[in-house]
Amino acid sequence: MSQKVRVRFAPSPTGPLHIGGVRTALYNYLFARKTGGTFILRIEDTDQTRFVPGAEQYILDSLAWLGISPDEGVGSDGPHAPYRQSERKALYKQYADQLLKEGKAYYAFDSSEELDEMRALFESKGSAFQYNALTRVKLRNSLAMSPAEVDALLASDTPYVIRLKVPAKGEIRFQDSVRDWVHVHTSSMDDKVLMKSDGMPTYHLANVVDDHIMEITHVIRGEEWLPSAPLHILLYQSFGWQAPQFAHLPLLLKPEGNGKLSKRDADLGGFPVFPMEWVDPQTGTVSKGFKQEGYLPAATLNFLAFLGWNPGTEQELFSLAELVDAFSLERINKAGAKFDVNKAKWFNQQYLKQADIAELAQANLPSLPLKDAEAFVHLFLDRVTFPQEIGQLVHEFSNRPSVFDEAVMANKWNLEAKNGLEVIAAQLPACTSWEAEGIKQTIQVALEESGIKMGKVMQILRVALSGNGAGPDLMISMQLWGKEEVIERLHAALSVFPKLES
RNA sequence: GGUCCGUUCGUCUAGGGGUUAGGACACGUCCCUUUCACGGAUGAAACACGGGUUCGAUUCCCGUACGGACUACCA
């Protein structure tokens with residue numbers, strides 16, 4: 001029975017897609033590609049109160065940016081359209097009715113207020129209220145009331161929900177791809193709402209119905225769903241359907257302390273938890289995105305893939321294609337993974353160094369002639385984590401220094417250094433081939449003739465020209481500044497330095 | 001509180017009844033570079049605890065501790 005693999009990523013459009021959700025999408029994508037299956041995007045928008053405009057497009061854009069776009073679903077259509085649950089509303093009712101007819105579900109008329117009261121009552125007695133086999137007989141539902149009463153309520157348009165009648169006794173078990181056997185007694189489960197009073201299905205119903213109709217073979221989702229997996233299994237059983245294979249992914253944890261990674265951690269830590277920048281349509285609050293921070297898609301994917309999975313080899317850098325090749329559900333970890341921004345940066349650096357020089361040049365130094373821009377990229381690429389830092393460095397590089405590294409001045413500025421700089425300043429105009437090697441020659445010869453050691457002067461020369469005690473190769477820097485600029489900067493320094501002595 | 005899940009260096013993790021417990025990030029030192037960065041080398045750094053099972057347990061089992069998720073007419 002080798003069914004064709006069909007997996008889905010099923011986010012709710014309630015805000016920006018969380019990075020943990022992106023990892024879930026990635027694992028689904030990898031598994032689909034690995035097995036020659038189909039990756040489906042379904043939008044679970046059954047909660048009308050939490051709908052956020054733009055969120056769905058944000059999900060699409062994010063997946064597209066990362067290159068893990070779905071084969072089927074919202075944004076790309078397919079044989080099971082529509083893929084937006086709000087547009088499938090009518091469908092769910094008939095399945096709920098089926099369970100109703102078979103006595104596996106029932107009407108419940110309890111209002112939210114009544115249920116809140118029950119919860120408060122139970123809590124005051126030190127226990128937790130559950131709508132289950134024990135309590136449902138005393139509540140307002142079609143199991144506890146006479147048929148005539150129920151009909152009357154229904155006829156008078158009294159709001160109701162449909163609840164699943166969970167058996168009082170029994171055990172639900174399933175074999176999770178990540179956690180192996182999981183079993184739960186039905187006595188600890190409650191009669192979950194299947195249809196809400198607004199006529200919309202809850203997540204549980206819609207999810208199970210759609211996964212079945214869309215022929216989903218593997219449900220790969222976050223661990224937060226593990227507690228409701230037995231309920232879903234029970235639903236499959238109630239319908240007489242075969243349940244898909246489940247794989248519950250470990251959570252992404254906050255970098256410090258404990259708990260699920262949240263937006264707050266991002267603000268605190270100064271790193272993004274969203275794939276792309278998000279502007280809250282209500283408040284206008286801007287949340288950082290991996291994309292805008294300068295993370296490359298491949299680096300983001302590689303980093304995310306390793307949070308909860310590893311190939312079992314010592315290779316760490318994987319292209320998307322290599323990830324597909326190496327991926328397997330069996331190698332997913334059980335324990336939650338802390339989000340470590342240092343590791344993310346390291347991955348980015350690795351990918352940045354492999355990036356196309358011309359592309360980086362055009363993207364980050366658009367105002368410069370391509371040849372110059374490329375030279376700058378070469379000069380700075382090894383010292384940056386994010387591409388936009390290149391532009392920043394070039395900007396600083398191009399500006400004449402106004403402050404000079406004090407520590408270096410204190411240590412190295414002396415008569416010999418001064419003489420060295422003067423000699424260099426005197427000889428540089430005579431340098432005929434203004435490129436790194438030629439400049440070096442000129443300086444070497446000039447200093448040798450004056451009997452001055454290079455080591456005594458070079459760092460001071462660097463400070464004189466750039467202001468900094470450290471930086472990229474000085475000769476190449478001088479070449480890029482240009483002869484006149486270098487000479488002018490040198491003279492400027494020579495006139496300022498003596499005044500800096502105190 | 002209840003249910004479920006988890007626990008190897010600070011972090012991501014490999015491993016698995018007998019290993020010097022491996023790699024990567026971060027950190028230290030050294031080399032390269034008269035600088036810095038990159039790169040290379042190297043160091044420090046871990047099997048939560050207690051019982052079993054076993055000739056032998058970090059690995060298997062059971063407890064305990066700790067952590068987490070869930071506990072809505074949210075997903």
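Letters go in sequence order (proteins before strands), and every chain restarts at 1. Here the structure is a predicted model, which is why all the values come from computation and not from measurement.
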Should the side chain of A:K343 and the base of B:A26 be counted as holding a donor-acceptor pair, with the cut-off at 3.5 Å? no
With a 4.0 Å limit, can you tell me whether [X] has a side-chain N or O closer than that to the phosphate oxygens OP1/OP2 of [N]?
| X | N | answer |
| --- | --- | --- |
| A:N342 | B:G10 | no |
| A:N310 | B:A14 | yes |
| A:R163 | B:C73 | yes |
| A:T46 | B:A75 | yes |
| A:K338 | B:G67 | no |
| A:R179 | B:G68 | no |
| A:R462 | B:U33 | no |

[atom1] gap between [N] and [M], integer Å:
| N | M | atom1 | result |
| --- | --- | --- | --- |
| B:C55 | B:A65 | P | 31 Å |
| B:A44 | B:U11 | C1' | 16 Å |
| B:C62 | B:U19 | C1' | 27 Å |
| B:U35 | B:C31 | C1' | 15 Å |
| B:U58 | B:U8 | C1' | 8 Å |
| B:G40 | B:U54 | C1' | 46 Å |
| B:U7 | B:U64 | C1' | 13 Å |
| B:G56 | B:G18 | C1' | 7 Å |

CE on A:M195 to OH on A:Y92, rounded to 0.5 Å: 10.0 Å
To the nearest 0.5 Å, how far apart are CD in A:Q237 and NE2 in A:H232? 13.0 Å
Measure the distance from [atom1] on [X] to [atom2] on [N] and round it to the nearest whole Å.
| X | N | atom1 | atom2 | value |
| --- | --- | --- | --- | --- |
| A:F129 | B:G2 | CZ | P | 19 Å |
| A:L249 | B:A75 | CG | C1' | 17 Å |
| A:H248 | B:C70 | NE2 | C1' | 11 Å |
| A:E224 | B:G68 | CD | P | 16 Å |
| A:L307 | B:U13 | CG | C1' | 11 Å |
| A:Y203 | B:C70 | OH | P | 13 Å |
| A:K192 | B:C74 | NZ | C1' | 11 Å |
| A:F51 | B:C74 | CZ | P | 17 Å |

Mind running salt bridge (Lys or Arg N to Asp or Glu O under 4.0 Å) on A:D191 and A:K165 for me, showing each step along the way? CA-CA 6 Å; A:D191 292 353; A:K165 185 181 173 188; over 6 Å; no
How about A:F339 and A:F303: are their ring centroids closer than 6.0 Å? yes
Can you confirm if the aromatic rings of A:F290 and A:F271 lie within a centre distance of less than 6.0 Å? no
Mind checking if A:A128 touches a base, just sugar-phosphate, or nothing, with heavy atoms under 4.0 Å? base
Indicate, with a heavy-atom threshold strictly under 4.0 Å, whether A:K353 touches base, sugar-phosphate, or nothing. sugar-phosphate
Decide yes or no for A:W346 and A:T385: does some side-chain heavy atom of the first lie under 4.5 Å from some side-chain heavy atom of the second? no
Complementary nucleotide for B:U7 - Watson-Crick or wobble, under 3.5 Å: B:A65
